[in-house]
Amino acid sequence: MNLARRIERYLPQPLLELVKDISGQAAKRGERVYLVGGVVRDLLLGDPSLRSGLRFDLDLVVEGDAVKLAQQVAETSQAKLLAHHRFGTAKLRYENFTLDLATARKETYARPGALPTVAPGTLKDDLFRRDFSINAMAISLAASDYGELIDPHHGKSDLKHGLIRILHPKSFTDDATRILRAVRYEQRLGFELETQTAQLLKRDTPMLDTISGDRIRHELELILREGQPELVIKRLAELGVLPRISPFLKGDGWITEKFGRVRRLKKPNQLPSLYFCLLIYSFSERGLEQFIARLNTPAKLSQAMRDTLHLKTRLPLLDKPSLKPSEIYYLLREYEPVAVQTNALASDSSVIQHHLQLFLTKLRYVKTSLDGEELKKLGIPAGPEMGKVLQTLHKAKLDGEVSTKADERRLALSFRPDYKGRGGRRPQSHSKNAPPR
Ligand code: CTP
C-alpha cells in the first residue's frame, strides 16, 4: 500500500518539505529514513487532528546513524539539536514542530521491568521492539519507494478490525507499562483488546510491580491527558489493573461523573491535578501516603492531594449558611486551590459548594489598598502590631466593612497608640482559624 497521497494531504507543507529534505540528506549518506509510530497509525485512521496541524511531533527511524544525520540537518537549518549519543537518538526542535530521530535498534530486556539494552538494528528489528501492531508500522520516505507502508505485524488489519494486539507473548513482562498503554489506546480509539492480548494482560498485571514509580506515574499522566480518561480508569478497574497500582483506586460511577464535571470547568491547565485529587478522594491518609510513595509524585501534586483529604475532614465547618466571608477565607487560605476545587466538585452540599467557589473566584484575590509603608506614614509602628492591623484591615475588606482606601485609612488610624487618647484599639488576630498542618 502506498500512502504518499495521504502524507501530502495531511502533513503541513513546511513539515513535509523538511521531512523530504532530511530523507534526501540521508540518501546521500547511504541511509534510509522512515516515518514510524503514532503518526502512521493516525494517517491510516485519517485522524483529523493531523490535518489541522495540531500534531507537531513526528517520529523518524533512521537505518544508519540518526545522531550524525540530525547534526548535519541542524547545521543547514534553524533547528535546535538535542542529541543523546548513548541511545543513538536526537531531537530537532523547530518553531512549530519537533522531529525525533532514532537509530533503528534492537532491544533486549535483562529482566522484567528493566530498561532495555539497546543495539543498532534494522527497521524490522525496530518495529518488533514496539508495543502494539497498530504502533509498529512505518512509511518509507526514500525517493525510490516514497510513501510505501511497511507493516510486518499486520497493524493495518488490526486497525480495520479495531484490535489492540501485542507483538509477542513476552511483551507485557518485558515492559509492563504496555498494560496501561494498551487500555489507553483501546479506550481512545474505541477498540478492543485482541483475545490473547487480553489474557496475557490479565496474567501479567502483577508485573506492574516491576515498574518504577516515575514510569507508572508518567503513564497515568498520559491517561489523564486523554479526552475521556474516565473510560480508561473504568476499564482498568474492570480488568483488575487499578488495584495493582493502589488497592484504594476506584473506577466507578462517581469517578465518571466527577471527571465529566471537571472538564466542564474549562480549566485545561489544572486538569491533570484535579483528576489526581479526585482519584484519591476516597483514600485514607495512609492510603494516600502509600500512593505518593509508589508514584513518587512531585511535591506540589503531593501537597494538593494531602490538602484535598485534609480539607475534606473540615468541610462540615463550611456547611453553615451564616459564615462570614472572612471566616471562609481563614478556613481555606492555606490550602492549594486545586484541593479547594476538588472538594467543591466532590461535595453534595450547595452551601459548601457556594463557600468554596466564593473563595476560589473572589476571596482569595481580596487585597487591602494600604500596605505596611503607608501604615507607617499613618503612625502605626512597625512590628507585630502592624501585622495585626493589616490583618484587621484585610478581614474588614473581606466582610465588606471597608471598601475604599479612605475607609481603610480611617480604620487604620483608630489603631494608632494615641487614638482618642485611649491608647488605641487592639486589632484582633485570626491565626487561631488557620488550618493546622
Ligand atoms: N512505543 C513503544 N512502547 C512504549 C512507548 C512507545 O513501543 N512503551 C513506540 C510505539 O511505536 C509508539 C511510539 O513509540 O507509537 C511513540 O510513542 P508515543 O509518543 O508514546 O506514542 P504515539 O504512538 O505517538 O501515540 P500518542 O498518540 O499517544 O502520542
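One-based numbering, in listed order, for ligands and for the atoms of each. All values below were derived from every heavy atom in this structure, side-chain atoms included, with hydrogens, water molecules and symmetry-related copies excluded. Because the structure is a prediction, the values reported are computed rather than measured.
Not a single N or O atom of Asp59, backbone or side chain, sits closer than 3.5 Å to an N or O atom of ligand 1. At under 3.5 Å, not a single nitrogen or oxygen of Asp42, backbone or side chain, sits near a nitrogen or oxygen of ligand 1. The distance criterion of under 3.5 Å between nitrogen or oxygen atoms is not met by Gly37 with respect to ligand 1. Below 3.5 Å of separation, one finds no N or O of Arg129 facing any N or O of ligand 1.
Exactly one of Arg263, Lys250, Arg261, Lys258 qualifies for a salt bridge (Lys or Arg N to Asp or Glu O under 4.0 Å) with Glu230. That residue is Arg263.
Neither the backbone nor the side chain of Val39 comes within contact range of ligand 1; no heavy atom lies under 4.0 Å. Neither the backbone nor the side chain of Phe132 has a heavy atom within less than 4.0 Å of ligand 1.
When the options Asn135, Leu167, Asp174 are ranked by their closest heavy atom to atom 11 (O) of ligand 1, first place goes to Asn135. Comparing heavy-atom distances from atom 6 (C) of ligand 1 across Arg215, Arg184, Arg178, Arg181 singles out Arg181 as nearest.
Ring pair His394/Tyr330 is perpendicular by interplanar angle, where above 60° counts as perpendicular and below 30° as parallel.
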Exercise. Going through the distances and angles, do Arg306 and Glu285 end up as a salt bridge (charged side-chain N to carboxylate O under 4.0 Å, His left out)?
Worked result: CA-CA 8 Å; Arg306 288 184 180 118; Glu285 231 174 87; over 6 Å; no

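Each of the following atoms of ligand 1 lies closer than 4.0 Å to a heavy atom of Arg130: 7 (O), 9 (C), 10 (C), 11 (O), 13 (C), 14 (O). Counting the atoms of ligand 1 from 1 in the order shown, those under 4.0 Å from a heavy atom of Arg188 are 26 (P), 27 (O), 28 (O). Proximity to Gly38 (heavy-atom distance under 4.0 Å) selects the following atoms of ligand 1: 15 (O), 22 (P), 23 (O), 24 (O). Taking a cut-off of under 4.0 Å to the non-hydrogen atoms of Asp175, the atoms of ligand 1 that pass are 8 (N).
Under the 3.5 Å distance criterion, the side-chain polar atoms of Thr197 are matched with a main-chain donor or acceptor of Ile166.
The ring of Phe191 has its center no closer than 6.0 angstrom to the ring center of His161.
A donor-acceptor contact closer than 3.5 angstrom links the side chains of Ser349 and Asp319. Defined by atom type and a distance below 3.5 Å, a donor-acceptor pair is missing between the side-chain atoms of Asp126 and Tyr34. When only modelled atom types and interatomic distance are considered, Thr177 and Asp175 share a side-chain donor-acceptor pair under 3.5 Å.
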